[in-house]
Protein chains: 4
Amino acid sequence: MIHAKRQKRSIVVDKRKEILAAAIEVFARKGYNKANIVEVAARAGVATGTVYLYFKNKDDLLLQSMKTMMDTNFEDIKKKLIKEKKAIDKLFMFFYHHIDVFTTRPSMARFLMVELRQSEEFYKRYPTYNPFHDYQEFVEELVKKAIKEGTTLPYNPSTVSYLILGAMDSVVTHWLIHPESVDLIAVTGEIRKILHNGMKKEQ
Amino acid sequence: MIHAKRQKRSIVVDKRKEILAAAIEVFARKGYNKANIVEVAARAGVATGTVYLYFKNKDDLLLQSMKTMMDTNFEDIKKKLIKEKKAIDKLFMFFYHHIDVFTTRPSMARFLMVELRQSEEFYKRYPTYNPFHDYQEFVEELVKKAIKEGTTLPYNPSTVSYLILGAMDSVVTHWLIHPESVDLIAVTGEIRKILHNGMKKEQ
Amino acid sequence: MIHAKRQKRSIVVDKRKEILAAAIEVFARKGYNKANIVEVAARAGVATGTVYLYFKNKDDLLLQSMKTMMDTNFEDIKKKLIKEKKAIDKLFMFFYHHIDVFTTRPSMARFLMVELRQSEEFYKRYPTYNPFHDYQEFVEELVKKAIKEGTTLPYNPSTVSYLILGAMDSVVTHWLIHPESVDLIAVTGEIRKILHNGMKKEQ
Amino acid sequence: MIHAKRQKRSIVVDKRKEILAAAIEVFARKGYNKANIVEVAARAGVATGTVYLYFKNKDDLLLQSMKTMMDTNFEDIKKKLIKEKKAIDKLFMFFYHHIDVFTTRPSMARFLMVELRQSEEFYKRYPTYNPFHDYQEFVEELVKKAIKEGTTLPYNPSTVSYLILGAMDSVVTHWLIHPESVDLIAVTGEIRKILHNGMKKEQ
DNA sequence: TATGAATGAGGCTTCATTCAT
DNA sequence: TATGAATGAAGCCTCATTCAT
């Protein structure tokens with residue numbers, strides 16, 4: 001009996017995760033509107049109705065999928081930055097790893113690039129949650145530190161974050177559309193150089 | 001006969017334009033998927049079926065909306081650049097005017113920022129038309145010229161265009177979500193400075 | 001002026017006929033429901049609205065198309081029977097020519113075979129007009145004569161007409177579906193033989 | 001579990017059958033093109049969408065309706081022929097029972113007579129399924145046997161089948177349009193006599 | 001918790017018909 | 001008579017969501 005209970009709980013936990021994983025997969029492949037719950041459920045190996053036991057509705061499922069993806073990616077990337085000591089290096093490695101992570105999982109990247117834009121209504125409905133906010137904030141903090149550390153000119157951190165996030169975005173977007181025409185290594189290297197040149201404080 | 005034709009055509013153009021304007025408005029507000037033809041028609045002051053006299057289907061309406069907007073904006077912006085002589089100045093004024101044009105027409109901006117992302121399927125369906133392509137090419141040409149003119153380091157023009165277009169995109173996107181938190185003048189000025197510093201060739 | 005008037009009248013006459021001809025063509029190719037007035041008008045070289053000057057509505061156009069086709073075919077066939085003297089010969093030549101006429105114009109044949117069946121509602125709406133009625137009556141008359149002439153056993157003329165019209169129908173229908181598998185000459189010859197054997201009065 | 005499954009399946013079968021019955025009814029009354037799914041669903045006592053759980057689309061519904069009817073009728077008729085021993089008797093009883101079955105269920109008959117004609121497109125779309133094919137083949141087999149048994153002259157079996165199927169068709173069609181003017185018993189009797197005379201081998 | 005059949009609103013599109021010119 | 005742009009009703013189908021089991 002005890003064993004059964006344990007199993008049950010673990011199954012329950014799994015189910016939510018499996019639905020989420022399936023949703024990410026399906027949303028990424030088909031986009032929000034063409035994705036349909038029946039397929040998500042099938043891919044998760046549960047009944048249609050079960051999805052509604054764990055998620056309020058399709059919007060909720062989308063929201064949580066996005067959050068999960070963003071959080072996972074963000075954590076992945078942040079882990080890789082631990083060994084960097086100077087803020088300026090963290091900043092550029094963040095740039096590099098972000099592009100790496102997104103281009104490694106193109107369908108997920110596409111989903112995030114596309115659907116997050118569209119979610120103005122999500123911003124309205126869930127004003128507290130902006131999945132880009134963490135990114136924005138993280139970059140701004142790094143910029144502030146880099147300024148403090150004296151490696152960077154005292155530009156407005158927000159501004160710099162727009163520039164960096166925009167560049168990341170732009171590179172990934174173009175790569176998604178024309179993967180063959182974008183040499184990721186070269187491009188990231190050069191962008192890094194330009195930004196570095198533009199921001200560095202002569203010491 | 002000629003007169004009749006002219007009249008007819010001008011009427012046609014008007015209705016087509018009205019539908020297009022309505023479509024832009026509705027698409028921008030609701031997004032492509034949640035926008036519906038009935039509403040577009042109503043807003044244009046025509047019957048549902050009339051839309052299909054001027055546009056093949058919903059996709060075509062979206063495509064033509066995008067094209068119209070992009071072309072109009074692009075022409076507007078290019079006109080303003082004529083007086084600039086040096087490529088590097090054209091480049092930064094392009095940046096400036098783009099942001100100006102887009103933030104002056106927010107609903108249109110939102111539409112373009114959001115829907116164009118989503119249109120990977122359009123790229124596939126209409127591979128000959130990429131509304132960003134003109135932008136991309138224009139910026140690359142300016143970079144090439146700037147390098148030739150000796151004002152800019154010989155970075156890869158594509159790379160630089162990613163950086164610049166990404167920055168433009170990012171600024172507009174953030175402004176759309178939180179207009180109050182983005183000081184457009186300051187931000188564009190600073191970005192310009194960073195990019196300029198990063199790219200300039202010491203002379 | 002006189003000349004102009006003449007021209008005009010002749011044009012008018014032509015227009016009705018041209019619309020009818022176009023309708024027959026389009027109905028035959030697409031069937032009643034998938035045929036559309038715009039295409040009929042285009043093919044007739046007139047404006048959409050003009051169709052409604054000559055025909056009350058789509059149903060009317062269909063009805064008149066059918067009537068025209070049936071009448072034309074019927075007259076064609078009857079002309080070819082003039083030289084036959086004995087009723088029994090007329091009967092079998094009618095059979096032969098009918099199949100010949102219909103298989104010579106397959107799309108028209110298909111239209112008549114298919115749409116006439118469907119037109120129960122036409123029978124209701126225009127109870128006086130049954131395009132098959134003339135056929136039926138003609139065959140019955142021939143049977144009566146053949147009986148009188150002593151070449152045929154005194155079967156009920158209606159019955160014989162069912163048999164003959166049914167055979168014609170069946171052969172044409174099968175030929176329409178699988179033209180390659182039906183040897184028209186052989187089939188008509190044999191059917192004629194069977195019917196002849198079955199009906200003939202030993203003399 | 002087994003019980004549940006059974007129950008479920010039996011419910012499913014019922015609903016499918018109800019929809020099928022409703023479809024036959026509506027198709028027969030209005031014809032394929034003017035029939036609409038909403039009405040079929042209403043008559044079956046289910047929601048519109050439910051139809052699409054059991055049938056892929058309107059075409060599929062039509063196809064399956066036809067197949068069901070043809071198969072049911074065909075089996076019914078064949079059962080009644082078991083007691084006949086000679087092929088020639090089976091042949092004429094087939095004729096008799098066919099007309100009996102069809103005139104007993106007029107709306108179904110009308111549906112089959114009318115819609116099957118129209119289904120050239122179905123033959124193209126579903127080339128493997130020709131609901132008339134079984135009929136045709138069955139009659140041809142009987143003719144072959146009758147020839148072997150020495151009761152019938154060696155006519156081409158296909159030809160004879162055209163004749164017999166055509167006669168059946170013709171009688172039913174006329175009866176559908178003018179039931180009062182067709183004395184089924186007399187007509188079938190006479191047709192049988194003519195065909196018998198025409199085909200019989202003097203022994 | 002879990003199921004999945006059933007629901008029915010809503011979307012895109014077509015086209016017979018009208019009417020102002 | 002002739003035009004053809006405009007109309008808008010109506011049809012097929014999808015799918016998020018519910019609910020009886």
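All values reported here derive from a predicted model rather than from experimental measurement. Chain letters run A, B, ... following the sequence lines, proteins first and then strands; every chain starts at 1.
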Practice item. May I have the distance from Lys34(B) (atom NZ) to dA9(E) (atom C1'), rounded to whole angstrom? Key: 15 Å
Revision key, fill the gap. Ranking Val38(A) and Leu53(B) by the position along DNA chain F of their nearest nucleotide, the one closer to 5' is Leu53(B)
Check your understanding: Should Lys15(C) be listed as having a side-chain N or O under 4.0 Å from OP1 or OP2 of dA2(F)?
Key -> yes
Point to revise | Any donor-acceptor N/O pair, Lys58(D) side chain to Tyr32(D) backbone, under 3.5 Å | key: yes
Check your understanding: Has Asn36(B) got a side-chain N or O lying under 4.0 Å from the OP1 or OP2 atom of dG11(E)?
Key -> yes
Review point. Taking the side chain of Asn57(C) as heavy atoms from C-beta outward, which of dA2(E), dT13(E), dT17(E) is closest to it?
Key: dT17(E)
Check your understanding: Which is true for Ala42(D) with a 4.0 Å heavy-atom rule: it touches a base, it touches only sugar-phosphate, or it touches nothing?
Key -> nothing
Point to revise | Shortest non-hydrogen separation from Lys15(D) to Thr50(D) and the atoms involved | key: CD-CG2, 4.3 Å
**Study point:** Residue met sooner reading DNA chain E from 5', once Ile37(C) and Gly49(D) are mapped to nucleotides
**Key:** Gly49(D)
Extract all donor-acceptor atom pairs below 3.5 Å that involve side chains of residues 37-47 of chain B and protein atoms in other chains or at least two apart in sequence.
{"residue": "Glu39(B)", "atom": "OE1", "partner": "Lys30(B)", "partner atom": "NZ", "Å": "3.0"}
{"residue": "Glu39(B)", "atom": "OE2", "partner": "Arg29(B)", "partner atom": "NH2", "Å": "3.3"}

Review point. Could you give the CG-to-C1' distance, from Leu62(A) to dA16(F), as a whole number of Å?
Key: 14 Å
Check your understanding: What is the distance from NZ of Lys58(C) to P of dT18(E), rounded to the nearest Å?
Key -> 15 Å
Revision key, fill the gap. Answer for the Watson-Crick or wobble partner of dT21(F), both distances under 3.5 Å, is dA2(E)
Practice item. Between Ala47(B) and Ala35(D), just flag the one whose closest nucleotide in DNA chain F comes earlier from the 5' side. Key: Ala47(B)
Revision key, fill the gap. Here the distance between atom C1' of dA16(E) and atom OH of Tyr52(B), to the nearest Å, is 18 Å
Review point. How close or far is atom P of dG4(F) from atom CD of Glu39(C), stated in whole angstroms?
Key: 17 Å
Exercise for review: Looking only at non-hydrogen atoms, find the nearest pair between Leu62(B) and Phe27(B) and report the distance.
Suggested key: CA-CE1, 3.6 Å
Exercise for review: Establish, with yes or no, whether the OP1 or OP2 oxygen of dG8(E) is under 4.0 angstrom from a side-chain nitrogen or oxygen of Thr48(D).
Suggested key: no
Exercise for review: Classify the nucleic acid contact of Val51(B) as base, sugar-phosphate or nothing, counting any heavy atom under 4.0 Å across all strands shown.
Suggested key: nothing
Review point. Considering heavy-atom distances to DNA chain E, does Thr50(D) or Val46(A) have its closest nucleotide positioned more toward the 5' end?
Key: Val46(A)
Review point. What are the two closest heavy atoms between Phe55(A) and Arg16(A), and how far apart are they?
Key: CE2-NH2, 3.9 Å
Exercise for review: Mind calculating the distance between CG (Asp14(B)) and P (dA6(F)) to the nearest angstrom?
Suggested key: 10 Å
Practice item. Would you indicate, yes or no, if dA2(F) has its OP1 or OP2 atom less than 4.0 angstrom from a side-chain nitrogen or oxygen of Tyr54(C)? Key: yes
Point to revise | Distance in angstrom units between Phe55(C) CZ and dT1(F) P, rounded | key: 13 Å
Study note, to complete from the structure: From NZ of Lys30(C) across to P of dT14(E) the rounded distance in Å is 12 Å
